[in-house]
Amino acid sequence: MVGSFLGISFTTNDSRILTLSNYRRSESARTAVHTPIFGKPRTEYLGRELKKVTFSIQLNALNGIRPRYTEEKIINKIGDIGNLVIGGRKVGFFMLKAVDSSYEVTTRDGKLVLGNIDLTLEEYA
């Protein structure tokens, strides 16, 4: 198993391939700028921002995935909270904030063969 989030397992085996790609993690500081009447502005460190994670999932019917079913299953989890695990290591506790879908290949009768989903997660503290 490559990883998991909200009951979705990212795996590779003989009959099914569902992996993630373009994994990005963002961490930053929260600051405020104070501007005195005379002199330079001063920056104050207020703490850390919430972590953000984005990654893509390819839904390919030729890899044993049901693309539309899997897409709907993930969309229905927007707002859900869970542990993100990548490579057996817990990354943190995150909320699924957004899902962006794109359809690459469909059949003549509209069945999805190949699509991509981009997930946006935000740390839940």
Side-chain angles (χ1 to χ4, degrees):
M1 182 168 68
V2 176
S4 65
F5 181 65
L6 295 177
I8 302 162
S9 296
F10 307 112
T11 58
T12 301
N13 59 42
D14 294 342
S15 61
R16 183 174 186 268
I17 298 173
L18 182 66
T19 59
L20 56 93
S21 61
N22 301 323
Y23 176 86
R24 295 185 59 144
R25 181 169 136 178
S26 171
E27 296 188 43
S28 60
R30 196 167 25 100
T31 61
V33 177
H34 304 285
T35 309
I37 295 173
F38 297 104
K40 291 183 179 181
R42 304 233 168 121
T43 302
E44 177 185 6
Y45 174 74
L46 300 175
R48 297 179 68 98
E49 289 286 354
L50 296 173
K51 296 175 193 171
K52 291 183 175 59
V53 170
T54 60
F55 57 88
S56 300
I57 301 173
Q58 185 181 68
L59 304 175
N60 190 337
L62 302 176
N63 290 338
I65 303 298
R66 294 175 21 202
R68 286 199 202 252
Y69 171 79
T70 305
E71 176 193 29
E72 286 302 315
K73 182 178 170 184
I74 293 171
I75 287 172
N76 288 334
K77 292 180 182 285
I78 292 174
D80 287 1
I81 301 157
N83 285 315
L84 174 63
V85 177
I86 305 290
R89 192 179 120 243
K90 182 179 168 187
V91 177
F93 205 54
F94 289 86
M95 174 188 286
L96 178 58
K97 294 283 283 191
V99 176
D100 295 310
S101 304
S102 64
Y103 295 176
E104 305 297 326
V105 178
T106 56
T107 62
R108 186 171 45 153
D109 58 347
K111 290 185 179 156
L112 179 60
V113 176
L114 177 63
N116 288 303
I117 295 179
D118 297 322
L119 302 180
T120 303
L121 284 57
E122 186 174 80
E123 181 179 24
Y124 190 80

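Just so you know, these numbers come straight off a predicted model, no measurement behind them.
- For the pair Thr43/Val33, a side-chain contact is recorded, criterion being any heavy-atom separation below 4.5 Å from C-beta on.
- Residues Phe5 and Val91 form no side-chain contact, since every pair of their non-hydrogen atoms from C-beta on lies 4.5 Å or further apart.
- Looking at Lys77, its side chain does come within 3.5 Å of a backbone N or O of Leu6 through a donor-acceptor pair.
- Nearest heavy-atom pair across Pro41 and Pro36 is CA-CD, 4.0 Å.
- Distance alone, capped at 3.5 Å, places no donor-acceptor pair between the Asn63 side chain and the Ile65 backbone.
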Exercise for the section: Any chance you could lay out the side chain to side chain contact (heavy atoms under 4.5 Å, CB included) test for Ser56 and Asn116, step after step, and finish with the verdict? Expected result: CA-CA 7 Å; Ser56 300; Asn116 288 303; 5.6 Å; no

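- Atom CZ of Phe93 sits in a crowded spot, with more than 12 heavy atoms from other residues, nucleotides or ligands closer than 6.0 Å.
- Sorted by first then second residue, the ring-ring contact (aromatic ring centres under 6.0 Å, His included) pairs that include residues 18-52, not counting sequence neighbours, number zero.
- At a threshold of 4.5 Å between non-hydrogen side-chain atoms, the residues Ile8 and Leu18 count as touching.
- Under a hydrophobic-cluster definition in which Ile, Leu, Val, Met, Phe, Trp and Tyr are linked whenever side-chain heavy atoms come within less than 4.5 Å, directly or via other members, Ile57 and Leu112 are assigned to different clusters.
- Residues Glu44 and Leu46 meet the side-chain proximity criterion, which asks for heavy atoms closer than 4.5 Å.
- Of all non-hydrogen atoms in Arg68 and Lys111, the two that sit nearest each other are NH2-C, 4.4 Å.
- The distance from the CD atom of Gln58 to the CD atom of Glu104 is 8.0 Å, given to the nearest 0.5 Å.
- In this structure, Ile74 CD1 and Ser101 OG are separated by 8.5 Å, a value rounded to the nearest 0.5 Å.
- The NZ atom of Lys52 lies 9.5 Å from the CD atom of Glu123; values are rounded to the nearest 0.5 Å.
- Criterion: ILVMFWY side-chain heavy atoms under 4.5 Å apart, direct or through other members. Under it, Phe55 and Leu114 are not part of a common hydrophobic cluster.
- Residues Met95 and Ile78 do not share a hydrophobic cluster, clusters being chains of Ile/Leu/Val/Met/Phe/Trp/Tyr side chains in contact below 4.5 Å.
- Remark: Ser28 OG to Arg48 CZ distance equals 8.5 Å, nearest 0.5 Å.
- Results of the side-chain contact (heavy atoms from CB on, under 4.5 Å) test with Thr120 over Val99, Thr54, Val53 single out Thr54 as the only residue that passes.
- Applying the ring-ring contact (aromatic ring centres under 6.0 Å, His included) definition to pairs two or more places apart or across chains, none involves residues 102-125.
- Here OG of Ser102 is found 6.5 Å from CG of Asp118. Values are rounded to the nearest 0.5 Å.
- The side-chain heavy atoms of Asn60 and Ile17, taken from C-beta on, include no pair separated by under 4.5 Å.
- No path of Ile, Leu, Val, Met, Phe, Trp and Tyr side chains, each step under 4.5 Å between heavy atoms, connects Leu50 with Leu121, placing them in separate hydrophobic clusters.
- Looking at heavy atoms from C-beta onward, Leu119 lies out of side-chain contact with Leu20 at the 4.5 angstrom threshold.
- When hydrophobic clusters are built by joining Ile, Leu, Val, Met, Phe, Trp and Tyr residues whose side-chain heavy atoms come closer than 4.5 Å, directly or via intermediates, Leu96 is grouped together with Ile75.
- Atoms CD and CD, from Glu49 and Glu122 in turn, are 9.0 Å apart once rounded to the nearest 0.5 Å.
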